[in-house]
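Structure record follows, encoded as structure tokens.
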Number of protein chains: 4
Amino acid sequence: MGDIDIMKTLPLAERKKHYILEVASRLFSRLDFHHVCMEDVAREARLAKGTLYNYFNSKEELYFAIIETRMQTLIRQLEERLQYRHPPVMDLRRFVVHLYSFFLKYPNFFVIWKREEVKTSSPQSKNCRKLRAQLRVMLTAILRRGIAEGAFRDFSSLNLLGDCIFGIIDGMAMRGIHANANEDRRKEERENMFSIILALVERGNAHD
Amino acid sequence: MGDIDIMKTLPLAERKKHYILEVASRLFSRLDFHHVCMEDVAREARLAKGTLYNYFNSKEELYFAIIETRMQTLIRQLEERLQYRHPPVMDLRRFVVHLYSFFLKYPNFFVIWKREEVKTSSPQSKNCRKLRAQLRVMLTAILRRGIAEGAFRDFSSLNLLGDCIFGIIDGMAMRGIHANANEDRRKEERENMFSIILALVERGNAHD
Amino acid sequence: MGDIDIMKTLPLAERKKHYILEVASRLFSRLDFHHVCMEDVAREARLAKGTLYNYFNSKEELYFAIIETRMQTLIRQLEERLQYRHPPVMDLRRFVVHLYSFFLKYPNFFVIWKREEVKTSSPQSKNCRKLRAQLRVMLTAILRRGIAEGAFRDFSSLNLLGDCIFGIIDGMAMRGIHANANEDRRKEERENMFSIILALVERGNAHD
Amino acid sequence: MGDIDIMKTLPLAERKKHYILEVASRLFSRLDFHHVCMEDVAREARLAKGTLYNYFNSKEELYFAIIETRMQTLIRQLEERLQYRHPPVMDLRRFVVHLYSFFLKYPNFFVIWKREEVKTSSPQSKNCRKLRAQLRVMLTAILRRGIAEGAFRDFSSLNLLGDCIFGIIDGMAMRGIHANANEDRRKEERENMFSIILALVERGNAHD
DNA sequence: AATGAATGAGATTTCATTCAT
DNA sequence: AATGAATGAAATCTCATTCAT
């Protein structure tokens, strides 16, 4: 939502930078880092190759700036949404729904992030896993509170449970990205997803 | 388990091919397609660069053969395990546990497969999503049977539920790969995972 | 000496041109033609890149203007100093000392000039060797007069002797530039150099 | 002289490396580092661009290998020639004549070396000046011995005298390179040069 | 006259692939 | 079947130059 406003209020150079990132993320989500060449990015952005280098020092910098900027936005938005404590179920809902919606809103980011996260030994993949760790801290905080308040079941490993929830969100995001569904359908899937997650954590079912 | 036997009974050329695939998958799981060069593969395999081309026509062929052969093995093994109908809960368990164990046994495959699956529009990524589709057919068949037999809850979308379960398995596999845990710990995590999945599908809890 | 006066009396545009040349010569003496970029020159001169092109049509023109302008100044100054005939030894002294001092005063010019002079086949290097030829004409004229007047020994090849003398001056200039000596020390070296050159040319020693 | 033998006895890869250096030095002596492109070197050597990189890691490495290898050869040859002490005049003659001849034999090296030596602040130019320093140590050792034995005049600064002598040799080498003289003429110039240097250092002239 | 963002030609370098041995 | 030197297409990146402001 805020994106367009941001684009309008940012200084010109920043806006162009964002524009290039936008174009590049589209290409990089479709193809590998090495299957997208700077010529492609330049053509798509209707700029000359050299112009890209006025905004990013290298192709790598451009590539990781895509992940970096969206990661920061995501974290910031989640923190905003969670700054006042609501009932744990509501906070969980906010968290899960926002994450899912963010991934569907920026599918290019999602795709690139997941691709890098999965690598086992590049310096940047560690950075991607760091975002995951940050998200998990947020999620487990909510879960912990829910357990303390008696709303959620007690789990031996919150970390493990968190990873399962992220697995569900990621799987559903992938599903949503490839489905190309309309708004109503998306809403429906989102609610289905949340009730599945809720079923996992809520007290009062057979597995207590 | 069968791997070594396969290696022994295969003709020499086939065995060398498998050996190269093994070496290559190690490298490709660590780094991007383009950050691994044929020179690296050759060096790691203690072969000359040219020799690789006696077994694979191109680097791409080698790369996708890694995914391809493991995919086939995975599908074959799952089919073997599910050819006789056991109680749905048991089949679900076999399926989930085998998938998880396979990913942990062949983490290089898992990593490469996930990386390709996430791409939105390369011809090979479609192939990777095809495997996912095949797995989902297997899984939904089990779920459907479980529902019919009254063991599982009835879900509006089995596909969606399936994707959630795959999400959980993938998330846990990633977790397992980066954790480097011992056998006991792995077994524990596996059981935790299965009970979480079971909680989702089993009849008789609060969300029915 | 005249430099500051010149700068003051010149029209504004000319002064700015000189200023740019001064800045550029500093950079070009440190690094190759291609290791100094127009951006560097502009930054050092506290000007915009485009501004440089209001004063010089191209980087090459700027580069060779550095050599060209100093060459002209050098020739002019030497001609002034030699326009009235003094005793050959005195003229020789004036010539040698002025050349050496000029090189030390404008080390950047010296360095760039020598660099270009040594190239075997670029059109501009010929221009640099032309300066050398002009200097040699002046020097041999002095030597010839000295021989005619019986002050100097007779040499079979004045050209060759001239090149030796230039070799000595150049060698001493290089020495002086890298030594970073104080005024007294420089004067001493200069005198040592001149007495060595004098020893070569003067009549009345054992080698007559 | 020994060069052809060396080329014959060296292993194949070493010989090809020498061949490339030979070709490259021809080009680099004519034009600046940046005015010679790898394409040019490859074409001249009748090789593909990529092949050059099998022998040298970068253009820079190729360029400085030209200087480096010749420098080493020069030092080695001079050390061989000076290992037994002959009368100082004879050693001086050997030294001066060999240096001069070496420069005329490898004019490309001479040109490139001088070009780099003159730069004031590149790491490689320091290396070039190091060769000069090594040569000066050899020369001053000879001069010092000559003075001790009473053959040469006593100088206040042997370093300064050495630089003058190098200046003469360099000047004469430049002269010789651009003159394209025949063998007899070169011999004559060489003798002229030596007698000039001798005049500088020998005892028994008017300046004692 | 001054600016500096945009340009794109041209350079270096890499590396999959070939092929003579 | 194995080798590895040679190849050259293709990529990244730099930077002199232009031009609208």
Side-chain angles (χ1 to χ4, degrees), chain A residues 12-13 16-17 20 33-43 45-63, chain B residues 12-13 16-17 20 33-43 45-63, chain C residues 12-13 16-17 20 33-43 45-63, chain D residues 12-13 16-17 20 33-43 45-63:
Chain A
L12 207 77
K16 193 157 234 166
K17 210 169 165 171
I20 294 172
F33 180 77
H34 275 89
H35 281 114
V36 176
C37 67
M38 290 302 257
E39 185 65 48
D40 295 337
V41 179
R43 197 184 309 108
R46 294 177 179 279
L47 289 170
K49 237 184 318 171
T51 307
L52 301 179
Y53 288 88
N54 289 338
Y55 294 90
F56 301 94
N57 290 317
S58 70
K59 188 186 174 185
E60 273 222 320
E61 192 178 304
L62 167 59
Y63 182 74
Chain B
L12 202 77
K16 197 156 216 168
K17 205 167 167 172
I20 293 172
F33 180 76
H34 272 87
H35 279 118
V36 176
C37 66
M38 291 300 260
E39 183 64 47
D40 294 336
V41 180
R43 195 184 311 108
R46 295 177 181 277
L47 288 169
K49 239 184 312 176
T51 308
L52 301 178
Y53 286 86
N54 289 335
Y55 296 90
F56 301 93
N57 289 316
S58 71
K59 189 186 176 187
E60 277 222 322
E61 192 179 305
L62 166 60
Y63 181 75
Chain C
L12 203 78
K16 198 158 215 167
K17 205 168 168 173
I20 293 171
F33 179 76
H34 273 88
H35 279 117
V36 175
C37 65
M38 291 302 259
E39 184 64 47
D40 294 336
V41 179
R43 194 184 312 110
R46 296 176 179 279
L47 288 169
K49 239 187 311 178
T51 309
L52 300 179
Y53 286 86
N54 289 334
Y55 296 91
F56 301 94
N57 290 316
S58 71
K59 189 186 177 188
E60 276 222 323
E61 191 179 305
L62 166 60
Y63 181 74
Chain D
L12 208 75
K16 194 159 233 167
K17 209 168 167 173
I20 293 171
F33 180 76
H34 276 88
H35 282 113
V36 176
C37 68
M38 290 303 257
E39 185 65 48
D40 295 337
V41 179
R43 196 184 310 112
R46 295 176 178 279
L47 289 169
K49 240 183 316 174
T51 307
L52 301 178
Y53 288 86
N54 290 338
Y55 295 90
F56 301 93
N57 290 316
S58 69
K59 189 185 175 187
E60 273 222 321
E61 190 178 306
L62 167 59
Y63 182 74

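Convention: sequence-line order gives letters A, B, ...; per-chain numbering from 1.
Residues from residues 45-52 of chain D with heavy atoms under 4.0 angstrom of DNA chain F, sorted by number: D:L47, D:A48, D:K49, D:G50, D:T51. Using a 4.0 Å cut-off on heavy atoms, the residues of residues 55-62 of chain C that approach DNA chain E are C:Y55, listed by number.
The shortest side-chain heavy-atom distance between C:N54 and C:K16 does not fall under the 4.5 Å cut-off.
Atom CE of B:M38 sits about 11.0 Å away from atom CG of B:L47, to the nearest 0.5 Å.
Partners of A:D40 by side chain to side chain donor-acceptor pair (under 3.5 Å), not counting sequence neighbours, listed by chain and number: A:R43. Listed by chain and number, the residues in a ring pair (Phe, Tyr, Trp, His ring centres under 6.0 Å) with A:Y63 are A:F28, A:F33 (sequence neighbours excluded). Here C:H34 pairs with D:H34, D:H35 under the ring pair (Phe, Tyr, Trp, His ring centres under 6.0 Å) rule; sequence neighbours left out. Looking at residues two or more places apart in sequence or on another chain, you find a salt bridge (charged side-chain N to carboxylate O under 4.0 Å, His left out) between C:K49 and C:E39.
The separation between D:E39 atom CD and F:dA9 atom C1' is 12 Å, rounded to whole Å. Taking atom CZ of residue C:F33 and atom P of nucleotide F:dC15, one finds them 12 Å apart after rounding to whole Å. Per the geometry, CG belonging to A:N54 stands 7 Å off P belonging to E:dA5, to the nearest Å. As a whole-Å value, the separation of D:Y63 OH from E:dT12 P is 13 Å. Rounded to whole Å, the distance from NE2 on D:H34 to C1' on E:dA9 is 15 Å. Distance CE (C:M38) to P (F:dC15): 13 Å, rounded to an integer number of Å. Between the CZ atom of D:R43 and the P atom of F:dT7 there is a distance of 14 Å, rounded to whole Å. The CD1-C1' distance, from B:I20 to F:dA2, rounds to 11 Å in whole Å.
B:V36 comes within contact range of the sugar-phosphate backbone alone, with a heavy-atom separation under 4.0 Å but no base atom that close.
Helical stems of DNA chain F (runs of at least 3 Watson-Crick or G-U pairs, donor-acceptor distances under 3.5 Å) are listed by first residue: E:2-21 with F:2-21.
Counting only residues at least two apart or on different chains, no salt bridge (charged side-chain N to carboxylate O under 4.0 Å, His left out) pair has a member in residues 51-61 of chain A.
For B:A42 against B:A48, the heavy-atom pair with the smallest separation is CB-C, 3.9 Å.
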